[in-house]
Amino acid sequence: MLPVLLTILVIIMLLGGLLAVEHKSLLIGVISAGLVSLTASIIYVILAAPDVAMTEAAIGSGLSTVMFLYVLRRIKGDSNA
Amino acid sequence: MLKKLFALILIGGLGLIFFQLYNQRSRREGLTKTASYYTEKGPAETRSANIVTSVVVTYRGLDTLGEVTILFAAASIIGFFLKRSEKGSKDKTIRNQSSELLQTGSMLLVPLIFLLGIYVFVNGHLSPGGGFQGGAIIASGTVLAFLANPSFEGGRTLIHILESLSGMFYVGIGVAGIFLAAGFLDNRIFPTGNVGSFISAGAIPVIYSIIGLKVGAELSAILYSLRDTKEQQ
Amino acid sequence: MINPIYIVAIGLGTAFSLGLLRKLGKEFSFWVTIFALGAMAFISGHWLSAFLSHQITSTVITTAGGKAPFVIVFNMGMTEALFSFMVTMGAVFSGFYLHDRLIESGPSAMAVLLAGTMGLNGIILTGDIFNLFVFMEISAIATAGLVLLVSDFKALQAGFKFMLASGIISGLLLLGIIFLYNSTGTLNISELHSKAGVILKSGGVATYLITIALLLELKPFPANGWGVDLYEGAPSGVSAFIASSSATAAFFVFLKVLPLGGDISLRIAAAAGISTFVFSNLMALSYKNTSRLLGYSSIGQLGLLVGIAGLSKHLGDKTLMIILTLLGTHYLAKAGLFWLSGIVKNPNTDEWRSLRKSPVLFAFFGVFIFALLGFPPFPSFFGKWELIMGLVATKMYWWAGAILLGTMFEGIYLFRWFSRALKLQNNDTATPAVTIYSILPVVFFGFFLFYAGYYTSTFVPALRVMCLAPLLFILLLGLLDFLPAFLKNIISLAGVTAYIVYLWPHIQGNTFKIVFAGIFLGGAILALIAGFYRRGKHMGFYPMTMLMFLGLGILVDASNLLELFYGWELMTIGSYFLLIRGERSLPHGLSYLLFSLGGSLAMLFGFALAHASSGSVDLSALNHIRIMPALAYSLMLAGFMTKTASLGLHIWLPGAHGEAVADIHFMASAILLKAGVFGIILVLGGMGNTQPYAQKILFVLGWIGALTALIGNIGAAFQESAKYLLAWSSIGQLGYIVFGLASMTHLGWLAAYGYTITHFLYKGILFLLIGGVAFRVGTADMYKMGGLIKRMPFSFFAVLIAIITLAGIPPLVGFTGKWLVYNMILSKHLFYQGVVIIISGVIAFLYLFRLIHVIFLGQLKDRNRKVKEVYVWLLIPAYLMLTAIFALSMFPDMMLARLGRMLTPSFPEGALVWDGFTASSRYGTFNLQIIMAVIGATFAAVFLWLVFANRKAQKVKQFNIFYSGEAPSRPELTHYGYNFFAHYRKAVGFMATPLVTRFWDQLSQGLHGLSSYGRAIYTGNAQSYLYHIVAFVVVVYLLSAGGIS
Amino acid sequence: MIHIALAGGALLIFIGIWGMLTKKNIIRIIIGFSLFDTGLHVVLVGLGYLKNRTAPIVDADLPAKAASSQSVDPVPQAIVLTAIVIGLAVTSVLLVFALKLYQSKNTLDINKLRDNTND
């Protein structure tokens, strides 16, 4: 059961990663990157690392995304890869 | 196009290295020597239920101090860099006010989030979570405060004081370890208590709280600096 | 001992507290920062001094009260203490230097400096590999922050590239660390070292990643574009910090981790390091931005160190000493240069001329440049020596060759930069911005470089203390440089005399050494007597002169190859500064220096082969070299021939000497060139002429000598300037000497010695007096002179005698040399060379005749009617030498018989047979006294008759001449002496046109072309730099995949 | 399990490097870097995982005596905790650099964000 779940999560994570680098819109790129972190934190839970999971969720998908968004907001009208 | 092809080739090469790395790794059944020591002796020596915490705060406490320093350095750099380059553009950016609902809601929520953050780090030695997580949660409270009120100015001075004081306390507790216990950042400067109880693990909860405050302060400072950058015309 | 954890605690505690101290003002924060850095330095310095006095041994300091492999530990040993001390001192001074910028950016920036320095200390001290990673990240992020102390685009993009690059690199490092942990179960570095077996089995790739990441931190070629841009973009104080402190720490950790990877890592390090050294320096050739040059140079130096670490198995227990000396020099000199670049402000190399406005700083500029290139007395000299000796002794010839090549490249751009700054016009530049904050670090590091050199030399048993004493004297002269010239002259005379008194017991009974000591130090006395004509202060002249003379003294005194090389290099520095004093001598002085550098590198390789053959550095090692003897002897000969200005290596001489003033010209030409002869005699004496390779070398050498004589004389014939004429003539004369020596016969050597001594005497006279005349007349162009016999009779007489000697006309002693050479040619059947020698002898008449005729005879020019006789201070030494010429002419056996006795053991065959004053060879006899009597009588008769016949001659005005009714527009060009040999130039000019010059020009252009081509790598684009980094990792892996277990 | 985690982490690393090497937009490059970082962390945690073991926290499920036989390796987790925070610091500094670069040249194109004044 767990391996299947893990595989699914990994696939989501990788798709999110591809989206993050390849999608035309920077905004969606940033949010996808946040999604990758979020998936990763679930993966950490499965891998018996709750501390890491919490950190990744709070920092990787939370704060880091906020920072990206702050910077994006300063840079307007520009979203091509 | 050529660039992409070349990048693919390089990544293929890296893939080869990774594959060798993977092939060569030792396939362990049990823990490594170091990990066994931490899991066997860790709870007894540090009295911290969370073994990761005991490793992070005590055995590898210097790493954590270093990591806090990195955050501190990043916050300082961003601070002086953004502040200096904003000089001369005194005009405060007009920020859109958010809805009243959000404002009121967040005013209620922010203290709660702070409380949650504090809860996470003071329990770092017992359960998952600790200084970083708690600190990050506190910082997300700051984010919420900004969302609610984009020209929120509260706590700026407090952040700087916290930043300095928590850092100094951290170093101070570390040094106290040299005098009162067996070495720098030794947690046994306070009574260690029993594994699993709230008052236990010696200085670990104290250190983790300091880390939490420090991380929260640093991240909030970074967010403050980022928020205050000049909008592009 | 103070727990080294306090270094971390103080650094961080202060950094954190700065935020609270904000209220007390920025100056206060600044001083708190400096004080904290000082305290950190004190801790490591305290440990260092304890280690140096052997009070303690290495210690492991644990943290967290745990046991060693399970908690993070700090290691404190001698090297850790030293490196940590270096790093922190670099931070103290760079921080001090950055005063203005730190104040401007506020306490946060100071906190970043503190955190960064703490991080570098942690890198050095920590014994845990992940902790290392953390400290590296701290220093990386702090570096990026410090770059932002200036807010221009350049700094911004440099910092961004740096952050991206170090992001990827540290990712790779982390990956390596965790896999290494996975296979060994520990993060403790000492424990890792003891698990070589496990690593071999399951940690090879992980170790590779760690090694390559740490290597990438040191910016190997070509994956170093981000590094160069960082050096260029950062404010100079920060660049100094990066080049000294950061690089030191990064190198230390590389050193610490390198052994984990086993042999393959060593090979990677050697190849990557040395190629970085060569290519970085090559790349630098085409840049003019000083920060960039210094960046390339820093990267190159670190590459060299990495290479040495990779070659450590071959260098054995000398490795550490080599590394410390080279690193120490780099650390001090590079920081100093970066600091200076902040003072100069303008990044263009040529703008450094403005630094001349503060002579002290400019002097340190020179110190740093020469130190970087491994000149004595700086530590790198000894490091370079041991490095090449060690590599060659273990047959690492290609590595040694590559290192020498890289040093040569480095020399080209550093010396070009320095020389141009030294000589370019300096009226229009801004005064450099000197504050106490900017000047103090430079001065301190500059002086410390000397101390470090002294300290290193105490570990070098081959160097006697007496080789250091002269430097103290020179330092004293340097400090007294504010005195008027005549006082310094007296002091210098005293110094030389003292040295002679010291030297005499060492050389007593050794004719060879007496001859050269006589020329070098006797010449020094004469030159200094002449020096009394100088007025004013002549800043910098005396220390450099003494450096040259005492270097020459050490050369004679040398008891082993190291001392020989030491003296040689000191002399080179001193002579460069003398030669470049001339007004238009910039290109010539520079090429002199570059040829000298190339020559000394070639010699060094030759010495190393000698050392490898015999296992010792005694002078006797030169005898019968077994390992690649042909190469060894050729290299040494080529090295020494850069000073004798033999064919192909002569292009620096005419300009350098021709532009020098009287007494300097005397020193450079009559004295300095003989240093090359000294060396050639040593080498040939060791080589002998029995081996087949020796015969081939001698054959080539003989032709070089003969052709040099020809080229020199032809060149002299076409000169309009008397000084250039004499300079070319010297090339020719030295050609005779080389030719004589190459014959390896008694007569040839006798002739060579004879020429060496007499050339010193007659050229001495000519240089002093022609120089003096030129000074009085205001030009060295001969066609602007004429008729000076009336104004300067004493000069005329001395010059006349000197020229007769030089031309080899009987009865004076010059004839002896010629007679001997012709005898030698006959005895060796060297008829082809003989023809060349005879032709050049004839050509010599052509120009010598001109010298006396055009300058002293004919009409006196109007504007020269009032000129005075040459300074008496120039006449005194000239007449002393004149006396010597007469003495030697009258009693040739005094010199020749004695030299013959010295040569007989080596060349028993073909010695002259003396019978009273008559010498006989197989081809004839001669008795100079009889010849002199006959010639004297004939001359007197002819002279008297001329006086009698000319008693009715009529005096005419200068321009009492006819030009077919036309008034010449530039009458001076109608001087019959102008372009006298134009028709010859048409006929044989192609031989004088500098074919050789063109060769060197093309070589230089080729190098610069290569360098510009290489610039394509450095696009300035952050992304392509990332490509380079990833490609470096992959390619090096593939290249060494077979070796990585 | 460990294979999946390691493979996933490695692929994420490659995606990140791909982004860093091929994308012109510097924000995108930074996104690439943060993916690279996350991938690394997944690999790290994956490497410390041991089959059928629990988190290294002593509680009702994991008595202190059984910790060493029933918990996963705490060391990689501790390392990753540190690495995540470091990654955040680096990313934030990179972002600020990007912002400032953008403000000085008004472009995010990395090919235009270079210094052409070299001589």
Side-chain angles (χ1 to χ4, degrees), chain A residues 3 6-7 10 13-15 17-27 29-31 33-81, chain B residues 4 7 50-57 67 71 74-75 78 82 86 93 95-96 113 116-117 120-121 123-144 146-147 150 208 211-212 215-216 218-220 222-233:
Chain A
L6 186 65
T7 316
V10 162
M13 180 179 79
L14 292 176
L15 287 177
L18 282 175
L19 202 63
V21 288
E22 290 298 340
H23 196 276
K24 272 213 314 283
S25 155
L26 266 183
L27 184 67
V30 168
I31 292 173
L35 177 78
V36 170
S37 280
L38 204 61
T39 336
S41 72
I42 306 175
I43 291 176
Y44 296 147
V45 173
I46 296 179
L47 293 176
D51 280 281
V52 184
M54 277 181 80
T55 315
E56 183 74 43
I59 288 179
S61 59
L63 282 174
S64 158
T65 310
V66 169
M67 284 179 190
F68 268 106
L69 290 177
Y70 261 120
V71 171
L72 267 194
R73 208 180 66 175
R74 303 280 171 252
I75 301 164
K76 283 179 181 167
D78 184 322
S79 56
N80 47 346
Chain B
K4 292 195 171 174
N50 187 338
I51 296 169
V52 175
T53 298
S54 70
V55 176
V56 166
V57 180
E67 159 193 1
L71 262 188
I78 295 172
L82 289 179
E86 303 298 311
T93 325
R95 299 185 178 91
N96 301 326
I113 290 181
L116 174 66
V120 167
F121 64 62
N123 279 301
H125 57 302
L126 301 176
S127 57
F132 313 119
Q133 297 89 337
I137 291 170
I138 290 180
S140 58
T142 316
V143 174
L144 194 61
F146 289 167
L147 279 179
Y208 237 2
I211 294 172
V215 170
E218 302 294 3
L219 292 175
S220 303
I222 293 177
L223 289 168
Y224 253 111
S225 306
L226 275 173
R227 188 199 67 174
D228 290 349
T229 49
K230 193 172 53 178
E231 301 257 358
Q232 203 61 25
Q233 284 79 25

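Just so we're on the same page: letters track the sequence lines, and every chain starts at 1. None of these values were measured; they are calculated from a predicted model.
- Using a 4.5 Å cut-off between heavy atoms, B/V56 does not touch chain A at all.
- One distance of note links CG of B/L226 with CE of A/M67; it measures 6.5 Å at 0.5 Å rounding.
- Considering CG of B/L223 and CG of A/L63, their distance stands at 6.0 Å, rounded to 0.5 Å.
- To the nearest 0.5 angstrom, A/D51 atom CG is 4.5 Å from B/N50 atom CG.
- For the residue pair A/A58 and B/Q133, the shortest heavy atom distance occurs at CB-O, 4.4 Å.
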